[in-house]
A.B. asks: 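After the structure tokens below, expect a handful of questions from me.
Atoms within a ligand are numbered from 1 in the order they appear, just like the ligands themselves.
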Amino acid sequence: MNEIKIFSPATVANVSCGFDVLGFCLDSVGDEMVIRKIEKKGIYISHVEGFDLPYEAEKNVAGVSALAMYEAIDVDFGFEIEIYKNIKPGSGIGSSAASAVGSVFGMNELIGRPFNNTQLTEFAIKGEALASKCEHADNLAPALFGGFTLVKSVAPLKILELPTPSDLCATIIHPQIEIKTSESRGLLPNEVPLNDAITQWANLGSLVHALHTSDFDLMKSALTDVVVEPHRSKLIPLFNEVKEASLNAGALGAGISGSGPSIFTLSKGLEQANIVKEAMQSIYADSDIDFDIHVSKINTKGIKIIN
Ligand code: ADP
């Protein structure tokens, strides 16, 4: 096999109480990429479609993660990467992560899968660091493994795969404003009051338990963020209104997706997720802010080959 076409999914990181550690994978939103073996040694981005992104491998997250993997293998050929981007960069649903995992997943398939998903995440972290200026894996892990993942530690990298209740669905609204991950990180407090920390880790533990037991009532009470959301939500117009409308419409929880500006909600069942969609979009429809909205099952398989 000399060429492979893949679907690299969008992801939601943080998931309210799991800042920097928790994430889940979306089903209906993602990029496509083609990875091809070529005679010339090295890593080359040969085509980018959808959004304006760098062609220099060192400046594109797909190229940086590919270069990290290329250094670790001994081959007498190179790789060419085509990126068909559907996930808008800076939207907060793992645009950079989809590219970072896509290149290394595709290369790994073409050379007979010498690396496991955790090792692929290690390479992808190098690419993700180009976009967010720090090494984190909370979008990368769900994109590669699928479902819900928890990054126990980055060094050494330890990823836990969490169960996904079968009828859990997400609704994601993306107001068309840009927030850079680096800008959004700058708003974070250096210190967290102990009472808030206690609330946060109680909620994260409860959410993990709720995923294991499909306890939707517990999930509903655990999907709260008292540490990051109060600061970051200021960057997202009508955040509180969208959140309130979605909870009133029956969502289990709502919060900032990654570093924003997208807002995610979780619902029990596709029908409920669509009711929540109506409520969320009605808020932005009354404003002059353009938006995209997606309803998606949780993708339990993660990145996949499509040819
Ligand atoms: P997101 O959370 O949606 O991934 P980030 O702010 O983390 O958004 O990353 C987007 C930044 O990464 C943009 O500045 C973009 O130009 C840069 N970037 C470089 N290569 C890529 C790529 N292949 N895909 C997406 N973003 C990329």
A.B. asks: For ligand 1, which is the ligand I care about here, please tell me if Ala131 has any N or O atom under 3.5 Å from one of the ligand's N or O atoms.
C.D. replies: no
A.B. asks: Pick one of side chain, backbone, both or neither for how Asn60 approaches ligand 1, counting any non-hydrogen atom pair under 4.0 Å.
C.D. replies: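 The answer is both, backbone and side chain.
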A.B. asks: Quick check on contacts: which atoms of ligand 1 are under 4.0 angstrom from a heavy atom of Gly90?
C.D. replies: 1 (P), 3 (O), 6 (O), 8 (O), 10 (C)
A.B. asks: Side chain, backbone, both or neither: which applies to Ser132 and ligand 1 if a contact is any heavy-atom pair less than 4.0 Å apart?
C.D. replies: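 Answer for Ser132: neither.
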A.B. asks: Indicate, with yes or no, if the rings of His47 and Tyr84 have centres closer together than 6.0 Å.
C.D. replies: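 Aromatic pair counts; centres sit under 6.0 Å.
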A.B. asks: Using the six-membered ring wherever Trp is involved, compare the ring planes of Phe79 and Tyr70 and label them parallel, tilted or perpendicular (cut-offs 30° and 60°).
C.D. replies: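 The arrangement is perpendicular - the two ring planes meet at more than 60°.
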A.B. asks: Taking the basic N atoms (NZ, or NE/NH1/NH2) and the acidic carboxylate oxygens, is any pair closer than 4.0 Å for Lys243 and Glu229?
C.D. replies: yes
A.B. asks: If the cut-off is 4.0 Å to any non-hydrogen atom of Ser91, which atoms of ligand 1 fall inside it?
C.D. replies: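 Listed by number with element: 3 (O).
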A.B. asks: Are any of the heavy atoms in Glu128 under 4.0 Å away from ligand 1?
C.D. replies: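 Flag not set, Glu128 not near ligand 1.
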A.B. asks: Should Asn299 and Pro9 count as side-chain neighbours, where that means a heavy-atom distance under 4.5 Å?
C.D. replies: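 Of all side-chain heavy-atom pairs linking Pro9 with Asn299, at least one is under 4.5 Å.
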A.B. asks: For ligand 1, which atoms sit closer than 4.0 Å to a heavy atom of Lys59?
C.D. replies: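 It comes down to these atoms of ligand 1: 19 (C).
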A.B. asks: Just checking, Lys268 and Phe216: is the charged tip under 6.0 Å from the six-membered ring centre and within 45° of the axis?
C.D. replies: yes
A.B. asks: Any idea which of Leu53, Thr11, Leu130, Asn139 brings a heavy atom closest to atom 26 (N) of ligand 1?
C.D. replies: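 Selected option, by shortest heavy-atom distance: Leu53.
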A.B. asks: Is the shortest side-chain N to carboxylate O distance from Glu135 to Lys126 below 4.0 Å?
C.D. replies: yes
A.B. asks: For the pair Glu80 and Lys37, find out whether any cationic side-chain nitrogen is under 4.0 Å from an anionic carboxylate oxygen.
C.D. replies: no
A.B. asks: Numbering the atoms of ligand 1 from 1, which are under 4.0 Å from a heavy atom of Ser99?
C.D. replies: 22 (C), 23 (N), 24 (N)
A.B. asks: Can we call the ring centroids of Phe123 and Phe115 under 6.0 Å apart?
C.D. replies: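 For Phe123 and Phe115, the ring centres are under 6.0 Å apart.
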A.B. asks: Polar-atom distance check: Ser96 versus ligand 1, any N or O pair below 3.5 Å?
C.D. replies: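 Min N/O separation from ligand 1 is below 3.5 Å for Ser96.
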A.B. asks: For ligand 1, find out whether one of its N or O atoms is nearer than 3.5 Å to an N or O atom of Ser259.
C.D. replies: no
A.B. asks: Does an N or O from Ile83, backbone or side chain, lie closer than 3.5 Å to an N or O of ligand 1?
C.D. replies: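 By distance alone, the answer is no.
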A.B. asks: If the test is side-chain contact (heavy atoms from CB on, under 4.5 Å), which one of Asn14, Val15, Thr171 qualifies with Phe264?
C.D. replies: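 Testing each of Asn14, Val15, Thr171 against Phe264, the sole residue satisfying side-chain contact (heavy atoms from CB on, under 4.5 Å) is Val15.
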A.B. asks: If you count the atoms of ligand 1 from 1 in the order shown, which ones are under 4.0 Å from a heavy atom of Gly94?
C.D. replies: 3 (O), 4 (O)
